[in-house]
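The next block holds one structure in the form of structure tokens; read it before the comments.
No hydrogens, no waters, no symmetry mates; every other heavy atom, side chains included, goes into these values.
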Amino acid sequence: MNEETPETMAAGEMPSGENASREKCPRKPSDTGRLNAETVGEAVYDAIRQCAVTLRPDFQRAVEAAREEAVPESREAGVLDRILENARIGVTDGVPICQDTGSVWVCLEVGEKLSVPGNIFSRVNDAVARAYTDGRLRMSLVRDALFDRANTGDNTPAFCELKLVPGTSATLHVLLKGGGSDNASRVVMLPPGAGANGVRKVVLDCVREKAANACPPLVIGLGVGTTFDKVAGLAKHALLREVDSPAASAEAAAFEEELLAEVNALGIGPAALGGTPTALAVHLETAPCHIAALPVAVNMGCCAMRSASVKLI
């Protein structure tokens with residue numbers, strides 16, 4: 001088997017075997033301390049090629065742990081076995097782990113002391129088009145949500161955002177997001193008096209009504225705070241956090257643990273065929289908000305979790 005390198009992947013070869021399951025993309029961080037559009041574009045290309053055929057490693061470990069705890073020969077054990085088998089086939093054969101190869105969400109986290117050129121995302125759409133063509137991935141984007149539902153033909157545009165963080169590093173996050181899990185998500189503006197119980201009810205109602213369509217077992221991203229237009233971003237960012245990684249605080253960890261237990265008590269189960277787990281994790285991100293508001297967003301991540309984080313600097 002040939003070894004995949006950044007050069008062979010850029011040339012359009014499908015990742016395969018153990019190299020396809022690397023937790024990080026093979027691109028090396030820049031030693032120049034400068035960001036440019038070319039570096040970002042090629043990192044996006046590599047990440048898409050990796051993510052499309054690879055179940056995110058932390059999520060796969062969580063599925064494996066759930067399978068160990070499942071009752072032997074139970075329905076949920078059988079479903080979890082199929083998820084793991086699908087992941088193995090994706091890696092060994094270099095084929096997508098889900099037929100919905102998703103829209104592409106790109107988040108570039110940049111240290112506040114770095115200089116960022118204004119055209120930093122200018123090569124992203126070209127990278128997406130090449131990755132989806134070279135990888136023989138399904139094209140899933142339409143030209144306009146309301147007035148022109150014709151397929152764009154190359155899975156562009158990508159949805160990009162720039163996030164300033166402390167320090168001098170730069171990290172690129174790429175998430176392939178299927179339609180089913182996004183369609184099962186929601187934003188709710190609660191009155192502040194609703195408090196934690198109100199947030200809990202939003203999550204449980206969303207899972208009860210929509211989880212079956214989101215292909216469980218899930219990772220549930222939960223955002224609370226900011227404003228109507230920003231809270232969904234908190235929930236989506238929460239999906240990037242690795243399963244079993246620490247929460248932002250002991251208080252957040254306790255709330256996540258309580259919610260996860262309540263979600264799994266619903267008994268929806270893997271593939272919505274009953275049993276447990278319905279979710280492998282609940283990840284919470286909170287932020288300040290207006291005194292008269294309590295914004296809440298739920299963004300579900302499906303059983304084909306596909307994201308990669310690449311350190312550029």
Side-chain angles (χ1 to χ4, degrees), residues 1-27 42-64 66-67 78-106 124-141 151-156 158 173-183 213-219 239 243 270-271 280 300-310:
M1 181 179 294
N2 294 330
E3 180 180 359
E4 277 82 19
T5 66
E7 289 75 20
T8 61
M9 291 179 73
E13 295 182 15
M14 175 67 77
S16 60
E18 293 182 358
N19 287 318
S21 63
R22 290 172 177 163
E23 191 157 354
K24 301 295 182 184
C25 292
R27 188 163 299 280
E42 289 308 308
V44 168
Y45 177 94
D46 291 350
I48 293 170
R49 298 298 307 280
Q50 171 190 299
C51 289
V53 302
T54 310
L55 192 62
R56 205 171 75 187
D58 62 288
F59 187 84
Q60 180 164 333
R61 290 191 293 268
V63 174
E64 291 167 346
R67 175 61 184 87
V79 173
L80 295 171
D81 281 339
R82 299 301 176 271
I83 293 172
L84 293 171
E85 180 184 16
N86 184 68
R88 178 188 61 78
I89 292 171
V91 169
T92 57
D93 292 359
V95 295
I97 59 174
C98 180
Q99 54 82 26
D100 184 348
T101 50
S103 58
V104 179
W105 178 69
V106 176
V124 168
N125 282 340
D126 174 70
V128 170
R130 288 189 293 113
Y132 273 73
T133 299
D134 294 347
R136 300 178 294 279
L137 308 179
R138 194 185 81 179
M139 310 300 181
S140 302
L141 270 288
N151 197 300
T152 63
D154 59 6
N155 216 64
T156 64
H173 304 287
V174 176
L175 174 67
L176 307 187
K177 199 70 165 64
S181 57
D182 257 8
N183 287 345
N213 295 327
C215 301
L218 311 166
V219 173
L239 295 179
V243 177
L280 297 170
M300 295 192 189
C302 69
C303 65
M305 281 295 295
R306 295 158 294 177
S307 73
S309 298
V310 187

Check: Gly102 main-chain N/O paired with Asn155 side-chain donor or acceptor under 3.5 Å: yes
Point-to-point distance, once rounded to the nearest 0.5 Å, from CG of Asn213 to OG of Ser181: 11.0 Å
Over all atoms of both residues, closest heavy-atom pair of Ala214 and Met300: CB-SD, 3.8 Å
Residue pair Gln50 / Asp46, side-chain heavy-atom distance below 4.5 Å: no
Point-to-point distance, once rounded to the nearest 0.5 Å, from CG of Asn86 to CZ of Arg82: 11.0 Å
Intermediate values then yes/no, side-chain contact (heavy atoms from CB on, under 4.5 Å), Ile48 and Leu137: CA-CA 10 Å; Ile48 293 170; Leu137 308 179; 4.1 Å; yes
Side chains of Leu141 and Thr156 in contact at under 4.5 Å (non-hydrogen atoms): no
Full working for side-chain contact (heavy atoms from CB on, under 4.5 Å) between Arg61 and Val243: CA-CA 9 Å; Arg61 290 191 293 268; Val243 177; over 6 Å; no
Considering all heavy atoms, the nearest Gly90-Ile97 contact: CA-CG2, 4.1 Å
Minimum heavy-atom distance Gly135-Arg49, with the two atoms named: CA-NE, 3.8 Å
Side-chain donor or acceptor of Tyr132 paired with backbone N/O of Thr101 under 3.5 Å: yes
Met139 CE to Thr152 OG1 distance, which is reported to the nearest 0.5 Å: 8.0 Å
Backbone N/O of Arg130 and side chain of Asp154: donor-acceptor pair under 3.5 Å: no
Nearest heavy-atom neighbours spanning Pro96 and Val53: N-CG1, 4.0 Å
Pro270 side chain reached by Val63 side chain, heavy atoms, under 4.5 Å: no
Value rounded to 0.5 Å, distance of CD1 in Ile83 from SG in Cys215: 9.0 Å
Smallest separation among heavy atoms of Leu80 and Pro217, with atom names: CD2-CG, 4.2 Å
Pairwise side-chain contact, Thr54 with Arg306, heavy-atom cut-off 4.5 Å (strictly under): no
Heavy-atom side-chain proximity of Val128 to Val106 below 4.5 angstrom: no
Step-by-step side-chain contact (heavy atoms from CB on, under 4.5 Å) determination, Val310 to Val174: CA-CA 8 Å; Val310 187; Val174 176; 6.0 Å; no
Contact summary for Leu280 and Ala66, nearest pair of heavy atoms: CD2-CB, 4.0 Å
Distance in Å, Cys98 SG paired with Leu176 CG, rounded so as to fall on 0.5 Å steps: 10.5 Å
Value rounded to 0.5 Å, distance of CG in Leu239 from CZ in Arg56: 7.5 Å
